[in-house]
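Down below is the structure, laid out as structure tokens.
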Amino acid sequence: MDAIDVAGLMAVAGAAGWVDAVVGGGGLLLIPTLLLAFPQLSPAVALGTNKLTAIAGTTVAAVTYARRTKLDRSVAVPAGLLAVPAASFGALSASHLPTGWFRPVIMALLIAVAVFVAMRPAFGAVEGAEAVGRRRRMLAIALAGSGIGFYDGIFGPGTGTFLILTFTSLLSLEFVQSSALAKVVNVGTNFGALCVFAFQGQVLWLLGASMAVCNIAGAAIGARTALRRGSGFVRIVLLVAVTGMVVKLSIDQFG
């Protein structure tokens, strides 16, 4: 690789960290860039290397959110712990299920998310006043940790977005608080999937670690931007990111 290719990869890694820290979806930037820069690279190695890069930025974003905003650890910790084995199982299952099966369903879900958020400006703007019962909290933990954790290991696009929507709708949180919880769970999903990819020898450690430096910088800036600008900003970025994910998945599905 020449200096321009390296600079391009580092820049995309930084941008992916920023997007991931705000609403998730950074993998849709970094994975295609890796495959473009290394045409001989298998998708599994691209996924594994992306997980190594992403876990660094996601961890920094999670710590940044935890220090500067309200973080419900009674949800974050069990959901994050559940996400580790769930994502590991998803990664182990990835080679047996064609990703083409997932794309139409995920596209439909993302379109529904975009319409729902666009039609309800108050959604995620402020924290709900009503108390959230134990049943809804347990459902949020199970869905985020097990369900979305498995999904991130087996396929992945939109994981952060789905986590934010889950916490916002079930726990009546505003978007910034949901982003904070999502980052903690995302650390678990990235770690679980990375363990499997590493065991299978599908991680380029030097490249992934190099990109992780820029990913960390992007994640730190993204988390601070979301905290400073608030839920309205996160809502706009979420809608833009969902639209981009739908376009990218449509291109992958239909050519």
| field | Approximate separation, where rounding is to 0.5 Å, of Leu194 CG and Phe199 CZ | value | 13.5 Å
| note | Here the gap from Thr243 atom OG1 to Leu110 atom CG, rounded to the nearest 0.5 Å, amounts to 9.5 Å
| What is the distance from atom CG of Leu170 to atom CG of Leu139, rounded to the nearest 0.5 Å? | 5.0 Å
| message | When you group the ILVMFWY residues by side-chain heavy-atom contacts below 4.5 Å and let the links chain together, are Val6 and Trp205 in the same group? | response | yes
| Any Phe191 side-chain heavy atom under 4.5 Å of Thr59 side chain | no
| query | Is it true that Val242 and Phe116 fall in one hydrophobic cluster, defined by side-chain heavy atoms closer than 4.5 Å? | reply | yes
| said: Walk me through whether Asn186 and Thr189 qualify under side-chain hydrogen bond (donor to acceptor under 3.5 Å, both in side chains). | reply: CA-CA 5 Å; Asn186 220 174; Thr189 66; 2.8 Å; yes
| Nearest atoms (heavy-atom pairs only) where Leu52 meets Ala209 | CD2-N, 3.8 Å
| task | Report the hydrophobic cluster partners of Val60, with the cluster defined as I, L, V, M, F, W, Y residues connected by side-chain heavy atoms closer than 4.5 angstrom, directly or transitively. | result | Ile216
| request: Using the side-chain contact (heavy atoms from CB on, under 4.5 Å) rule, take Leu29 and Trp18 through it: C-alpha gap first, then chi angles, then the decisive distance, then the call. | output: CA-CA 11 Å; Leu29 292 175; Trp18 190 93; over 6 Å; no
| Heavy-atom distance under 4.5 Å between the side chains of Leu204 and Leu34, does that happen here? | no
| note | Between Ser169 and Arg136 the two heavy atoms that sit nearest each other are O-NH2, 3.3 Å
| query | Are any of the side-chain heavy atoms of Phe167 and Val75 separated by less than 4.5 Å? | reply | yes
| task | Start with the C-alpha distance between Val196 and Gln202, add both sets of side-chain angles, then the distance that settles side-chain contact (heavy atoms from CB on, under 4.5 Å), and finish with yes or no. | result | CA-CA 9 Å; Val196 172; Gln202 295 172 336; over 6 Å; no
| task | Look up atom CG in Leu227 and atom OG in Ser179, then write down how far apart they are to the nearest 0.5 Å. | result | 8.5 Å
| Heavy-atom donor-acceptor pair, Thr58 side chain to Lys183 backbone, under 3.5 Å | no
| Does Ser146 use its side chain to pair, donor to acceptor, with the backbone of Leu143 at less than 3.5 Å? | no
| task | Consider only side-chain heavy atoms of I, L, V, M, F, W and Y, link residues closer than 4.5 Å, and tell whether Val132 and Phe175 are in one cluster. | result | yes
| task | Output the rest of the hydrophobic cluster of Leu81: all Ile, Leu, Val, Met, Phe, Trp and Tyr residues reachable through side-chain heavy-atom contacts under 4.5 Å, sorted by chain and number. | result | Val77
| field | Ala56 to Ala212 - nearest heavy-atom pair and separation | value | CB-CB, 3.7 Å
| note | Scanning both residues in full, the closest heavy-atom pair of Phe233 with Val22 reads CE2-CG1, 4.3 Å
| query | Is there a side-chain contact between Leu163 and Leu181 (heavy atoms, below 4.5 Å)? | reply | no
| Is a side-chain N or O of Thr69 found less than 3.5 angstrom from the main chain of Tyr65, in a donor-acceptor match? | no
| task | Evaluate the side-chain proximity of Asp72 to Arg137: yes if any heavy-atom separation is below 4.5 Å, no if none is. | result | yes
| task | Looking only at non-hydrogen atoms, find the nearest pair between Arg235 and Val117 and report the distance. | result | NH2-O, 2.6 Å
| query | Considering only heavy atoms from C-beta outward, does the side chain of Ile148 approach that of Val185 to under 4.5 Å? | reply | no
| said: Whether the side chain of Thr161 engages the backbone of Val23 through a donor-acceptor N/O pair (distance < 3.5 Å, no angle test) should be reported. | reply: yes
| message | Working to the nearest 0.5 angstrom, can you tell me the gap between Asn50 CG and Phe197 CZ? | response | 9.0 Å
| query | So, the side chain of Asp20 versus the backbone of Gly25: is there a donor-acceptor pair under 3.5 Å, distance only? | reply | yes
| field | Shortest non-hydrogen contact from Asp152 toward Asn190 | value | OD2-OD1, 3.8 Å
| message | Using the rule that Ile, Leu, Val, Met, Phe, Trp and Tyr join whenever any side-chain heavy atoms are under 4.5 Å apart, tell me whether Leu36 and Met211 fall into a single cluster. | response | no
| Would you find a donor on one side and an acceptor on the other, under 3.5 Å apart, between the side chain of Thr168 and the backbone of Ser178? | no
| said: Hydrophobic clusters here meaning ILVMFWY residues chained together by side-chain heavy-atom distances under 4.5 Å, can you tell me if Val213 and Met10 are in one? | reply: no
| field | Mutual orientation of the aromatic rings belonging to Phe150 and Phe89 [parallel < 30°, tilted 30-60°, perpendicular > 60°] | value | tilted
| message | Rounded at 0.5 Å granularity, tell me how far NZ in Lys248 sits from CD1 in Ile31. | response | 8.5 Å
